[in-house]
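A quick write-up on the structure given underneath.
Sequence positions, counted from 1, serve as the residue numbers for this chain. When a ligand or atom number is given, it counts from 1 through the structure's own listing order.
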Amino acid sequence: MIPPGSTIGIVGGGQLGRMLSIAAAQLGYRCHIFDPHPNPCAADVAAKFTRAEFDDIQALQGFAAEADIVTYEFENLPVEPLRLLGDKLKPGVRSLAIAQERAEEKTFIESTGARVAPWRPIDGLDDVRSAVSELGLPLVLKTRCYGYDGKGQAWVRSADELDAAWDAIGRAPAIAEAAVAFITEYSVILCRWADGRHVFWDSPENEHRDGILHRSTVPGGEAVAAQVEEARAAALRIAEALDHVGVLTVEFFASADGPLVNEIAPRVHNSGHWTIEGAVTSQFEQHIRAICDLHPGLTGLTRGGATMENLIGSDIDRWPELVGERGVHVHLYGKDDARPGRKMGHVTRVIR
Ligand code: AMP
């Protein structure tokens with residue numbers, strides 16, 4: 001057990017690190033953020049900040065030596081330097097390595113018995129052509145690495161878009177995935193302890209705009225209710241196969257013939273932000289509890305449910321109106337540059 005008063009190292013200094021640090025501080029821990037940017041938003045609320053590149057082994061080892069436990073809040077991290085942290089890193093490098101490479105991720109998910117949309121590995125234009133004839137159209141190309149929030153993705157809707165799509169993803173190693181005619185999207189957010197104990201939160205139904213999460217709603221609709229049991233079983237098999245410790249999020253498509261895994265995130269997730277006010281224990285606090293081996297907190301709803309809406313780019317300009325709305329919980333991440341597509345904050349409305 002890592003007791004309160006200890007230092008938790010967090011690799012990555014974005015909003016997830018910020019909300020983890022706030023939750024950790026409430027439990028009496030000190031957080032130390034490791035990030036290459038000059039003023040990452042997590043550093044504003046943490047006890048210490050080290051600015052260094054993620055592959056700066058010396059800096060990473062110094063940071064880890066000062067910490068009692070290290071976690072990460074971002075999956076596009078070089079794996080090899082983190083491997084040197086051994087058991088001090090929770091979740092372990094395996095969760096990270098699998099989640100950051102889409103072909104490995106899909107293969108791994110299928111190996112646990114969960115289903116994904118039909119897909120093919122892509123290493124060149126010929127592979128794209130074969131994928132079109134085998135999977136049909138439309139399909140989506142997704143780069144194997146460094147994709148998030150719809151980045152590194154290009155749709156092919158007709159045969160004449162094939163070259164442009166391959167160019168659009170920078171001719172990088174990719175996968176091609178058949179379009180899923182989904183009823184809706186949802187996620188299973190779970191937290192697992194090293195001894196196998198685990199908890200789930202209610203599954204949010206997720207609405208995306210331009211490939212970015214727009215809104216999460218709990219409870220989800222009928223399709224979510226009908227599929228969540230099977231989806232939870234699949235997510236738990238994934239967590240167990242990874243020997244994952246901490247929060248794991250599995251995003252699903254609700255298809256007409258059941259849950260299809262879209263992707264996994266070995267960390268707290270945007271679709272779980274509603275848990276801060278909408279659940280007895282938030283995903284952030286629970287992650288800290290699990291990596292420090294404290295007792296699991298309750299995950300039930302505090303009220304009838306919740307909706308979480310992201311503030312993306314210039315949405316942040318609505319903050320005066322939002323803070324004036326009765327009962328809304330406004331979270332602003334303290335980022336200065338409201339670029340289009342950048343997650344600047346979120347609001348949660350708890351359903352009474
Ligand atoms: P991803 O980055 O893979 O999570 O994709 C972002 C969003 O794009 C998803 O949440 C879906 O809304 C949409 N999307 C991704 N892949 C597919 C697919 N194979 N079929 C239909 N929609 C997709």
Any heavy atom of A179 sitting closer than 4.0 Å to ligand 1? yes

Quick one: which ligand 1 atoms are inside 4.0 Å of a heavy atom on A178? 18 (C), 19 (N)

Considering only heavy atoms, which of E207, H214, K142, H208 lies nearest to atom 15 (C) of ligand 1? K142

Any residue meeting side-chain contact (heavy atoms from CB on, under 4.5 Å) with H198, in chain and number order, not counting sequence neighbours: R192, F200, L236

Do the side-chain N and O atoms of H287 and E73 include a donor-acceptor pair separated by under 3.5 angstrom? no

So F63 and H32, would you call those rings parallel, tilted or perpendicular, with 30° and 60° as cut-offs? perpendicular

Are any of the N/O atoms in V180 less than 3.5 Å from those in ligand 1? yes

If the cut-off is 4.0 Å to any non-hydrogen atom of E185, which atoms of ligand 1 fall inside it? 9 (C), 10 (O), 11 (C), 12 (O)

Sub-4.0 Å heavy-atom contact, A181 with ligand 1: no

Please indicate whether R197 has more than 12 foreign heavy atoms, meaning atoms of other residues, nucleotides or ligands, lying under 6.0 Å from its CZ. yes

Y333: what forms a ring-ring contact (aromatic ring centres under 6.0 Å, His included) with it, not counting sequence neighbours? H346

Check whether any heavy atom of R102 sits under 4.0 Å from an atom of ligand 1. yes

Tell me whether F252 reaches ligand 1 (any heavy atom closer than 4.0 angstrom to a ligand atom). no

Which ligand 1 atoms are under 4.0 Å away from a heavy-atom of F182? 21 (C), 22 (N)

Do any N or O atoms from the side chain of S282 and from the backbone of F284 form a donor-acceptor pair under 3.5 angstrom? yes

For ligand 1, which atoms, with element, lie under 4.0 Å from some heavy atom of E177? 16 (N), 17 (C), 18 (C), 19 (N)

